[in-house]
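Protein chains get the first letters and strands the later ones, always in sequence-line order, with residue 1 at the start of each.
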2 protein chains.
Amino acid sequence: MLIKTYKNISCSNCQSKSHSLIENLNSEELNNLEQNRGCSFYKKSDYLFLEGSYPRGVYCLNHGKVKVFTRGNEGKEQIIHIAKPGEIIGFRAMLSGDPYLVSAETIEECAVCFISKDEFFKMMDSNSEFRNDIIKGLSKELGERAVSITDMAQKSVRERLAVGLLQLKEIYGTEPINLSREDLANFVGTATETLIRLLKEFKNEGIIETQTRKVIILKSDKLHQLAGK
Amino acid sequence: MLIKTYKNISCSNCQSKSHSLIENLNSEELNNLEQNRGCSFYKKSDYLFLEGSYPRGVYCLNHGKVKVFTRGNEGKEQIIHIAKPGEIIGFRAMLSGDPYLVSAETIEECAVCFISKDEFFKMMDSNSEFRNDIIKGLSKELGERAVSITDMAQKSVRERLAVGLLQLKEIYGTEPINLSREDLANFVGTATETLIRLLKEFKNEGIIETQTRKVIILKSDKLHQLAGK
DNA sequence: AAGTTAACATGATTTTAATCACTTTTCTTA
DNA sequence: TAAGAAAAGTGATTAAAATCATGTTAACTT
């Protein structure tokens with residue numbers, strides 16, 4: 001699946017470092033990391049890891065987007081998170097010691113660095129700032145997921161789409177949101193047909209614009225309103 | 001709200017210690033903890049803390065049950081977790097540095113010890129085993145919540161009730177499940193009326209038995225089946 | 001123990017969103 | 001660049017669960 005292995009991305013100069021947990025490593029640690037990690041290109045729809053398998057390390061996303069999802073009853077995906085450059089993916093399972101509960105798959109071409117379990121734990125042990133960032137990250141995400149559970153249980157699909165689009169705006173920044181309708185539906189937690197119909201409504205209401213599959217948000221304020229609080 | 005302050009529960013001899021994160025503290029640390037924590041009785045429906053406020057420490061549950069919940073759109077509660085003796089409540093917000101995203105309220109008479117922020121962080125810093133347990137706990141919970149999100153998004157209310165009852169069985173052990181219909185509905189994520197109707201169905205199918213508000217599970221295997229996987 | 005309140009329960013109705021069946025558009029790649 | 005495949009979109013129908021209205025039982029309170 002993997003196109004090419006390369007060693008030419010430097011951690012010290014990684015353009016995603018500043019929004020990454022590795023930003024608090026000192027230059028010695030960064031150099032060491034650079035020696036001990038492997039980097040790979042992945043094309044679209046490649047897996048980083050699969051639900052049920054055991055983690056052997058973590059993945060640091062340099063370029064591209066990765067969807068993290070579980071599979072429910074009839075194999076339907078529920079997208080839990082969409083990772084953007086700088087993010088470390090898959091450390092949860094490694095820290096808990098369990099097999100992955102989620103799968104990770106690229107949704108565009110990606111450059112990803114692999115940091116082995118040993119290396120990762122070494123960094124956790126030796127650098128308390130890094131460790132605290134990991135702990136903070138876990139805690140923050142845990143809080144966010146409590147909100148997601150509530151949203152899933154209580155909000156209508158329309159409200160959830162508004163919430164979801166706002167989250168995706170944070171992830172995609174100024175670029176248009178570039179997800180398949182099916183992925184978008186699996187992120188919002190609805191049927192693809194329902195999602196398409198709602199997108200059309202939002203479009204008619206002037207809230208969004210679509211360029212074939214791409215979605216551009218025109219009125220964030222309106223989405224906030226629709227999202228309810 | 002608090003009936004009585006007491007100092008007579010010893011951490012070293014706490015009957016809930018063995019299923020608690022404090023079990024890996026050494027005797028010196030336990031003695032120190034004992035000097036620096038305050039214990040209180042709470043009656044039913046008392047708050048430990050409220051969504052939006054800032055954490056000043058964590059709560060260690062010695063006796064009783066506590067519901068942890070968020071409030072959705074129209075103030076409807078979504079119960080995220082029901083804590084049982086031994087559990088430390090409210091450390092997530094303390095670790096992330098944010099205000100509480102959830103509220104915690106007793107659902108029966110409780111004995112609760114309070115450990116200050118300073119004290120808690122001191123233990124985290126000095127005892128790596130304790131710290132690792134905290135990290136593992138956070139990670140495990142994070143995984144569980146990914147599953148909850150998927151369940152909320154994809155399972156029917158009937159399936160979710162089956163899942164919920166099985167979870168409650170783990171929490172209540174051999175005792176009957178003792179929750180109001182409303183709390184049970186807010187745990188499963190449905191309307192109270194719907195919950196009541198489904199409980200009746202389960203009762204007619206011989207899966208559960210009810211004693212006024214209490215629920216006794218008769219056929220766990222059947223619930224596993226209904227829960228879907 | 002009687003009265004009051006809150007929790008539990010049921011029936012009828014409406015709403016939301018899933019499902020099924022099918023068409024059209026867009027992307028791939030031979 | 002034409003053919004095939006995959007993704008996007010539409011319409012009709014069904015199913016699930018929320019909501020509204022109201023009745024009943026249980027549990028406090030004085």
Side-chain angles (χ1 to χ4, degrees), chain A residues 43-45 67 72-79 105 107-109 150-164 176-204 208-216 226 228, chain B residues 43-45 67 72-78 105 107-109 150-164 176-204 208-215 226 228:
Chain A
K43 53 181 168 37
K44 194 179 159 178
S45 302
K67 67 174 171 182
N73 276 0
E74 272 94 48
K76 185 177 163 69
E77 292 179 10
Q78 178 62 41
I79 297 180
E105 184 185 332
I107 51 176
E108 30 182 280
E109 286 217 336
T150 309
D151 285 352
M152 286 294 176
Q154 297 190 8
K155 283 194 197 295
S156 67
V157 175
R158 197 179 155 85
E159 288 172 312
R160 260 150 46 203
L161 175 57
V163 173
I177 295 165
N178 190 9
L179 275 178
S180 71
R181 295 293 185 259
E182 194 181 354
D183 279 346
L184 194 45
N186 291 340
F187 184 57
V188 170
T190 187
T192 308
E193 297 95 321
T194 303
L195 177 110
I196 288 169
R197 279 183 253 264
L198 285 171
L199 271 190
K200 194 182 172 187
E201 282 181 32
F202 281 16
K203 199 175 157 184
N204 291 339
I208 60 164
E209 192 181 286
T210 56
Q211 295 171 350
T212 62
R213 79 184 327 234
K214 289 176 184 167
V215 176
I216 295 158
L226 286 174
Chain B
K43 52 182 168 39
K44 194 180 160 177
S45 303
K67 67 173 172 184
N73 275 0
E74 271 94 48
K76 184 176 163 71
E77 292 180 10
Q78 179 61 42
E105 184 184 332
I107 51 177
E108 32 184 277
E109 286 217 335
T150 309
D151 286 352
M152 286 295 177
Q154 298 191 7
K155 283 192 197 295
S156 66
V157 174
R158 197 180 155 84
E159 290 172 312
R160 259 149 49 201
L161 175 57
V163 172
I177 295 164
N178 190 9
L179 277 178
S180 71
R181 297 292 184 258
E182 195 180 354
D183 279 345
L184 194 44
N186 291 339
F187 184 57
V188 170
T190 188
T192 309
E193 297 94 321
T194 304
L195 177 111
I196 288 168
R197 280 183 253 265
L198 284 171
L199 270 190
K200 194 183 172 188
E201 281 181 33
F202 282 14
K203 199 174 157 184
N204 290 340
I208 60 163
E209 193 180 286
T210 57
Q211 293 172 352
T212 62
R213 78 181 332 231
K214 289 177 185 168
V215 175
L226 286 174

Self-check item: Under 3.5 Å donor-acceptor, Gln154(A) side chain and Lys76(B) backbone
Solution: yes
Practice problem: Measure the distance from CD on Glu201(A) to C1' on dT16(C) and round it to the nearest whole Å. | Solution: 12 Å
Exercise. Send over the distance from Lys214(B) NZ to dC8(C) C1', rounded to a whole Å.
Key: 16 Å
Exercise. Would you kindly check whether a donor in the side chain of Arg197(A) faces an acceptor in the base of dT19(C), or vice versa, at under 3.5 angstrom?
Key: yes
Quiz item: Looking only at side-chain N and O atoms, does Lys200(A) come under 4.0 Å of OP1 or OP2 in dG9(D)?
Solution: no
Quiz item: With a 4.0 Å cut-off on heavy atoms, is Ser156(A) in touch with a base, just the backbone sugar-phosphate, or nothing at all?
Solution: sugar-phosphate
Quiz item: On a plain distance test, is the side chain of Arg158(A) in donor-acceptor contact with the base of dT15(C) below 3.5 Å?
Solution: no
Exercise. Using whole Å, report how far CD1 of Ile196(A) lies from C1' of dA6(D).
Key: 13 Å
Quiz prompt | Separation of dA18(C) C1' from Lys155(B) NZ (nearest whole Å) | solution = 17 Å
Quiz item: Less than 4.5 Å apart, any side-chain heavy atom of Val157(B) and any of Arg160(B)?
Solution: yes
Exercise. Figure out the CD/P separation between Gln211(A) and dA8(D), and round it to whole Å.
Key: 15 Å
Quiz item: On a plain distance test, is the side chain of Glu193(B) in donor-acceptor contact with the base of dC20(D) below 3.5 Å?
Solution: yes
Exercise. Flag the pair Leu184(B) / Leu199(B) as yes when at least one side-chain heavy-atom distance between them is below 4.5 Å, and no otherwise.
Key: yes
Self-check item: Nearest-Å distance for atom pair CZ/P, residues Arg213(A) and dT25(C)
Solution: 19 Å
Practice problem: Give a yes or no on whether the backbone of Ile196(B) and the side-chain of Arg181(B) come within a donor-acceptor separation of less than 3.5 Å. | Solution: no
Quiz item: Would one find a side-chain N or O of Arg181(A) under 4.0 angstrom from OP1 or OP2 of dG9(D)?
Solution: yes
Quiz prompt | 5'-most by nearest nucleotide on DNA chain D - Ala191(B) or Leu179(A) | solution = Leu179(A)
Quiz item: Between dA16(D) atom C1' and Leu195(B) atom CG, what is the distance in whole Å?
Solution: 15 Å
Quiz item: Just how far, in rounded Å, is P of dT29(C) from NZ of Lys44(A)?
Solution: 11 Å
Quiz prompt | Contact under 4.0 Å: Thr212(A) side-chain N or O vs dC27(C) OP1/OP2 | solution = yes
Quiz item: Is Thr194(B) near enough to dA16(D) that one of its side-chain N or O atoms lies under 4.0 angstrom from OP1 or OP2?
Solution: no
Quiz item: Would you say dA18(D) has OP1 or OP2 under 4.0 Å from some side-chain N or O of Thr190(B)?
Solution: yes
Quiz item: Between CD of Glu105(A) and CD1 of Ile79(A), what distance do you get to the nearest 0.5 Å?
Solution: 9.0 Å
